[in-house]
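Residue numbers start at 1 and run along the sequence shown. Values in this document were obtained by computation on a predicted structure and should not be read as measured data. Atom set for the values below is all heavy atoms of this structure, side chains included, hydrogens, waters and symmetry mates excluded.
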Amino acid sequence: MEKRVGVAVDFSSCSKEALRWAVENVVRDGDHLILVVVRPEAVWDHASRNRDPELVTVDSGRGIYLDLFFEDSYIPLDEFSDPLVMKKYGVKPDPETLDILNCVAREKAIVVVTKIYWGDPREKICEAIDKIPLSCLIIGNRGLGRIKRALLGSVSNHVVNNGTCPVTVVKNGNQHEG
């Protein structure tokens with residue numbers, strides 16, 4: 001049975017750790033691996049003013065189409081790997097993340113797509129769970145200490161408490177209390 005496995009990605013070391021964990025422990029042949037990327041509102045405002053319909057109406061050949069509204073589009077892996085396409089979305093995937101994704105796409109018969117949201121990561125990740133909808137979500141933990149977590153708030157804690165699907169939090173191996 002096909003699953004829609006979501007991984008919240010911001011290209012930090014903890015999100016790459018969550019992606020690696022998802023690929024090694026959750027994703028199986030036939031599944032959909034959906035990267036959930038949340039960008040600040042300012043990026044959405046800039047991108048929406050500079051839309052290029054030629055770039056956002058691409059037929060990926062996999063039955064997934066980008067439409068004219070960025071927030072309703074899924075970006076296939078080959079386009080996610082293209083710096084020119086991703087610049088339109090205000091996203092710059094790092095080589096390590098791309099390597100992980102390209103390897104899993106080659107090794108397993110899965111579909112890899114990215115869904116970009118604009119706004120508060122806590123709210124938008126929970127929204128992604130419902131709108132996509134996801135079978136499960138894997139998210140990294142930055143390892144904020146008690147004080148920073150109280151002041152800044154924890155995205156992973158919010159998603160665990162408010163998400164409507166099973167959520168796995170993968171701790172970063174470099175964590176320290178502060």
Notebook entry, point to check: Taking all atoms of both residues into account, what is the closest heavy-atom pair of Ser81 and Asn102, and its distance?
Noted result: OG-ND2, 4.0 Å
Check: Measuring from Leu77:CG to Thr114:OG1, what's the distance to the nearest 0.5 Å?
Finding: 7.5 Å
Check: Can you name the nearest heavy-atom pair linking Ile75 to Phe80, along with the distance?
Finding: CG2-N, 3.7 Å
Next item on the list: Enter the distance from Leu19:CG to Thr97:OG1 here, rounded to the nearest 0.5 Å.
Entry: 6.5 Å
Note to self: Is any side-chain heavy atom of Val159 closer than 4.5 Å to one of Ile129?
What the structure shows: yes
Next item on the list: Quick one: closest heavy-atom pair of Cys126 and Gly163, and the distance?
Entry: SG-N, 4.0 Å
Next item on the list: List the steps, then state whether side-chain contact (heavy atoms from CB on, under 4.5 Å) holds for Leu33 with Leu101.
Entry: CA-CA 9 Å; Leu33 176 60; Leu101 294 171; 3.9 Å; yes
Checklist line | Residues in side-chain contact (heavy atoms from CB on, under 4.5 Å) contact with Asp99, at least two apart in sequence or another chain | finding: Cys103
Next item on the list: Would you sort out whether His32 and Tyr74 count as a side-chain contact (heavy atoms from CB on, under 4.5 Å), showing the intermediate values?
Entry: CA-CA 12 Å; His32 286 72; Tyr74 291 87; over 6 Å; no
Notebook entry, point to check: Rounded to the nearest 0.5 Å, what separation is found between the NE2 atom of His158 and the CD1 atom of Ile139?
Noted result: 10.0 Å
Next item on the list: Looking only at non-hydrogen atoms, find the nearest pair between Ile110 and Ala105 and report the distance.
Entry: CG1-CA, 4.4 Å
Next item on the list: Compare all side-chain heavy atoms of Ile132 with those of Val36 and state whether any distance is below 4.5 angstrom.
Entry: yes
Note to self: Set out, in order, the CA-CA distance, both residues' side-chain angles and the distance that settles side-chain contact (heavy atoms from CB on, under 4.5 Å) for Tyr89 and Val37, then state yes or no.
What the structure shows: CA-CA 10 Å; Tyr89 296 96; Val37 177; over 6 Å; no
Notebook entry, point to check: Which atom pair, heavy atoms only, marks the closest approach of Val113 to Pro76?
Noted result: CG1-CA, 4.1 Å
Note to self: Is there a side-chain contact (heavy atoms from CB on, under 4.5 Å) between Ile116 and Met86? Walk through the geometry before answering.
What the structure shows: CA-CA 10 Å; Ile116 302 175; Met86 295 316 296; 4.0 Å; yes
Next item on the list: Going by the side-chain contact (heavy atoms from CB on, under 4.5 Å) test, name the single residue among Ile125, Val169, Val38 that passes it with Val155.
Entry: Ile125
Notebook entry, point to check: Hey, are the side chains of Trp118 and Lys124 touching, using non-hydrogen atoms and a 4.5 Å cut-off?
Noted result: no
Next item on the list: Please answer whether the main-chain N or O of Arg4 pairs with a side-chain N or O of Ser135 as donor and acceptor at a distance below 3.5 Å.
Entry: yes
Next item on the list: Report the distance from atom OG of Ser156 to atom CD1 of Ile138, rounding to the nearest 0.5 Å.
Entry: 13.5 Å
Note to self: Between Lys16 (side chain only) and Ile100 (backbone N and O only), is there a donor and an acceptor less than 3.5 Å apart?
What the structure shows: no
Next item on the list: Please round to the nearest 0.5 Å and tell me the distance separating atom NZ of Lys171 and atom SG of Cys14.
Entry: 12.5 Å
Margin query: To the closest 0.5 Å, what do you measure between OG (Ser15) and CG (Asp94)?
Written below: 7.5 Å
Checklist line | Asp31 and Val26, any side-chain heavy atoms less than 4.5 Å apart | finding: no
Notebook entry, point to check: So do the side chains of Val91 and Arg39 get within less than 4.5 Å of each other, counting heavy atoms only?
Noted result: yes
